[in-house]
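Computed from a prediction, not measured in an experiment: that's the story for all the values here. So you know, we letter chains A, B, ... as the sequences are listed, proteins then strands, and number each from 1.
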Amino acid sequence: MMSAFWVLLKRDLLLALRRRSEIFTVLFFFLIVISLFPLGVGSEDATLKKIAPGVVWIAALLASTLALDRLFANDYLDGTLEQLTLAPQSLSVMVFAKMIAHWLLTGLPLVLIAPLVGLFYHLPSNTIGVMMLVLLLGTPVLSMIGAIAAALTLGLRGGGVLVSLLVLPLYIPVLVYGAGAISASMVEGLSIQPYLLLLSAFMLLALIFSPWATAAALKISLE
Amino acid sequence: MTLEVKNLQCIRGDRELFTDLSFQLEESQLMMLEGQNGSGKTTLLRSLCGLYLQDQGEILWNGISIKKQDEDYRRELLYLGHLNGIKADLTVLENLRFNATLAGKIPSTDKLMQALDTIGLYAFEDFPTSQLSQGQKRRVALARLLISKAKLWILDEPFVALDIAAVELLQSIIANHVDNGGMVILTTHQEVPLTSGKIKRLSLSEEQDNLPSSAK
Amino acid sequence: MNFYPLAGKLIPIFWLAAIVLTAIGLYWGFFKTADAMDNGMKEYYRIIYVHVASAWMAMWLYAVMVAWAMIGLIFNTRLSFMMASATAITGTIMTIIALVTGAIWGKTSWGTWWDWDPKLTTFLILLFVYIGYIALQSAIDDTRRSDKASALLALVGLAIVPVIYYAVNCPDPNQCASLHQESSLKRVESNILIGMLVTTLGFWMYSFATILMRARNIILERERNTSWVSKLNEVN
């Protein structure tokens, strides 16, 4: 079972490395959205500090939604997804491998680019640290919830827009507490620990339910 | 080992594809599935794999419903559908190794190379699959048959896109599997000459049954 | 298909009950409770009879929809999927009514059409979840897949909507632990509560009637080629 898990994880990473441009499209999309806000809202120091937490998370939400399209669609079109469901392994475990690969390719780069966002928005250095931490906790949840919606809309016409419609409302808790933690870190004397605990709880819940729900959704979509 | 189908019924949309379908398949038997386009051949094969949930009836593997044994059944199963199930960005060898590992075997490179050799992809192992012709891609998919330990092969139109030499090769691979006590179900218009074992034929509704019911 | 004729007989009864109960509830609310309000509220508070009833229904119907979806997924019964999708539409309508009446309430009491108050926000998100369900269902042509996929989505929504509710109500976890929001129901006088409950009962009856009507339509559409449908009087 584990060998299939690792081999699938490695395969997805290898495929992404052979199409490196796809990793960068998501990353640049994130950066573009980030840099649009100062142009639209204004670039005074106070404004930037005020909107930064929300902007980072909304950009992360949109980038993550955009990337969902790639999670299963290619495997579906070339028939490898069908073979995955027929393999003598638990489909949830395989789906989990794909989620991890997907997060490493689309979520982790956002975490790593966060200091640049801090620079753009004049954030203090401890806030940048908090931002990276909450992105590290929150983006896997986005990938895992998103995977369910990606599986449900597999192969549908206009699937991309539909995925956003299904998934964005479900991202709200991560948005609220992810952005809340960054805001709190800029206020003297506020603890960010409750935010981190809540985000960790979401991650735990997503870890338990999402692979199972995604596997069920894939079986429905492949019928 | 036996595969037993009891009173199977599949409905797609408002069309009844087949109903009350029963058959049994034993070791060293090959079943040819016949029927015109749209008669439900692919749906039948997919329900045998557990990919499609039948509306009524049962599919039993060694007397137990396939729904209840899941992974145990899938270990004995090899399905080849219309899609090749290979990644265009991986090389021929990588594709085959991935597919074999997925099926639960971690094969040696020698064994994989030997399989590629037999299937006629000698010296292609490091080619990205995207650079191969349709027939060659199909061969990459078919190479799985050579390294598989599965008892039951379910093949949907396996001869499509193959040249004469490859057709003969595949015929002998299938005959060999039946020789060794394997079971094969396939849809094709191509005869498969067997050296041993038994050929069964199943024809899906030649009558008007499969017209949309509004046309009756 | 015993459901179809049975539903046909029940629909007029539910309609009648809906009209009578809603009329009683609103009459009670509009004319019998006005004097009870002397704590500074003005006449426009009466919209709560519709607002509260529709808000309750919006939540209840989501639960009903999920229940049907679960039954459908477990027992693979087609009728329960049809009931789930019929319920979704009525639930969406109730959510919209709750939002519109909430906005009117907001305009009259807070001076603004929309306020990002936790309750209203939750209903806005509930509306998005309902719309997602309907959108997914109508995007899939194959009825089997659309039934099951939307049912699974409803289940996922059931797991996440309470978390959303919590997040919207308590965006700052540093303060939530100490702040216990009292249910607004406890602050309501029993006289008004009766009006609300009777109206809600009327809305339940309305929901039953419209859900059954929609379910009948879905059945007719899906089974249009069967012999029992072609024998029906209303089809010929």
**Q.** Side chain proximity check, C:P173 to A:Y177, heavy atoms < 4.5 angstrom
**A.** yes

Q.
With a 6.0 Å cut-off (strictly less than), is the heavy-atom count around CE of C:M213, excluding the residue itself, greater than 12?
A. no

**Q.** chain A contact via C:D142 - side chain, backbone, both or neither, heavy atoms under 4.5 Å
**A.** neither

(Q) Does C:M70, at its CE atom, have more than 12 non-hydrogen atoms belonging to other residues, nucleotides or ligands within less than 6.0 Å? (A) no

(Q) side chain to side chain contact (heavy atoms under 4.5 Å, CB included) for A:K219 and C:L152? Distances and angles first, verdict last. (A) CA-CA 11 Å; A:K219 281 183 189 152; C:L152 190 69; over 6 Å; no

Q. Side chains of C:K148 and A:L152: closer than 4.5 Å at any heavy-atom pair?
A. no

**Q.** Contacting moiety of C:V163, where chain A heavy atoms sit under 4.5 Å
**A.** both

**Q.** Structural part of A:L218 lying under 4.5 Å from a heavy atom of chain C
**A.** neither

Q.
Quick one, C:L136 and A:L156 - any side-chain contact, counting heavy atoms below 4.5 Å?
A. yes

Q) Given that the side chain runs from C-beta out, which part of A:I145 has a heavy atom under 4.5 Å from chain C: side chain, backbone, both or neither? A) side chain

**Q.** A:S221 versus C:R145, closest heavy-atom pair with distance
**A.** OG-NH2, 3.3 Å

Q: Measure the spacing between CG of C:L124 and CD1 of A:I172 and express it to the nearest 0.5 Å.
A: 8.0 Å

Q. Is the count of non-hydrogen atoms from other residues, nucleotides or ligands lying under 6.0 Å from A:F29 atom CZ greater than 12?
A. yes

Q.
For C:W68, I'd like to know if atom CH2 has over 12 heavy atoms of other residues, nucleotides or ligands within 6.0 Å.
A. no

Q) Looking only at heavy atoms, which two atoms of A:P169 and C:I164 are closest? And how far apart? A) O-CD1, 3.4 Å

Q. With only heavy atoms counted, which part of A:L170 is less than 4.5 Å from chain C, the side chain, the backbone, both or neither?
A. both

(Q) Quick check: do A:Y195 and C:D172 have side-chain heavy atoms less than 4.5 Å from each other? (A) yes

Q: Examine whether an atom of A:F202 lies under 4.5 Å from a heavy atom of chain C, and if so say whether it belongs to the side chain, the backbone or both; otherwise answer neither.
A: side chain

Q.
I'd like to check A:L198 versus C:Y166 (side-chain heavy atoms, cut-off strictly below 4.5 Å). Are they in contact?
A. yes

Q.
For a 4.5 angstrom cut-off between non-hydrogen side-chain atoms, does C:I140 reach A:R157?
A. no

Q.
Taking every non-hydrogen pair under 4.5 Å, which of C:G132, C:A159, C:A167 racks up the most with chain A?
A. C:A167

Q.
What's the separation between atom CZ in A:F209 and atom CD1 in C:I160, rounded to the nearest 0.5 Å?
A. 10.5 Å

